[in-house]
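Have a look at the structure below, then the notes.
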Amino acid sequence: MSILEVKNLNMGFYIDEKFYPVLKDINFNLKYQKIHAIVGESGSGKTLSCMSILKLLPSNSQITNGEIIYKNKDLLKLNEKEIKKYRGREIALIPQDPMTSLDPLYTIFDQLYEVIDIHYKMTRNDAKEFIIDTLKKVNIINPEERLNNYPHQLSGGMKQRIIIACALLGKAKIIIADEPTTALDVTIQAQIMQLLLKLKNENNVSIIFITHDLALVSQYCDEVSVMYNGQIVENANAYDIFDSPKHPYTKALIESIPTITGNKRIETIYGNVPSIYDKIDGCPFHLRCKYCFHTCKKINPNFKKVDNHIVRCHLYSNLDV
Ligand code: SF4
């Protein structure tokens, strides 16, 4: 069962009065109490796809088409006042760098109390116990002492836990985690991933996990959408993606994961992700694809259903979805 559906989402930017399309026909469903990974190289459109859900896009952007359905409402049709009710309370965001979300001038208590004040109108005294309980849930040690700390007094892992606590205080049903572990070392990374898994299982949270780290996806995620140049090029459950990837880009990403034993050559993907200014005819991956043939240079493939995968590639000639 899906809790959120993104349908035919198209958006782009106005730069020097010219419109540049960025996201093209993005479709994915976030299933209830699952972790849905959105993977791809930097610049593939992962973050913009998710920021569109909360309408947190730059002022020179425009969503030109699509629907984002949550609780039978199209979030894209809501005005700024209406969408604010969803931010934090229904759908929370965990950013890559928690320092950009925590205000360095306020204590942790003040910042967490602000979340409660917005949603529940509780007094500071009544809120204190609620906040301490929530900090315990996100594995903050000595939460009573931490309340008086400023963000600079906490480690990166602790700051990220505080942001996750904000999502819990707002009782968000969906968390969008945008590369939440990129700025952390490997052991803390594992702890944060375990914490997200615990929230999913114990608090019935559904998670969109944006990452370029396929190793994390294979360990923690249920569904995967692979993005390239503003398009989803493959979608399937995590087992199928890693067991039998279909799209050449997905295959190349998986072949570039290092192994612990180091006995396998790590493949690289030739070339770079195209920029917003590059106009590419045909399949956007054709300049880097080792399977490219003449049709690929002329026609952008439609979605095909191949086994349990949805794939955008001319190598598969099954029925259009
Ligand atoms: Fe490669 Fe052609 Fe498939 Fe694009 S459509 S991924 S160029 S084989």
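These numbers come from a predicted model, not from an experiment. First listed ligand is number 1; within each ligand, the first listed atom is number 1.
- For the residue pair R288 and Y228, a side-chain donor N or O sits within less than 3.5 Å of a side-chain acceptor on the partner.
- Using modelled atom types, one finds no donor on one side chain facing an acceptor on the other under 3.5 Å when comparing R146 with Q153.
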Between N10 and D25, does the side chain to side chain donor-acceptor pair (under 3.5 Å) criterion hold? Intermediate values first, please. CA-CA 5 Å; N10 286 265; D25 290 327; 3.0 Å; yes

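- Remark: the T211 side chain and the E179 side chain contain no N/O donor-acceptor pair separated by less than 3.5 Å.
- The residues E144 and K128 are annotated as not salt-bridged, no charged nitrogen and carboxylate oxygen being separated by less than 4.0 angstrom.
- Taking distances strictly below 2.8 Å, the protein N/O/S atoms close to atom 1 (Fe) of ligand 1 are C289 SG.
- The aromatic rings of Y249 and H247 sit perpendicular to each other, their planes meeting at more than 60°, with 30° as the lower class boundary.
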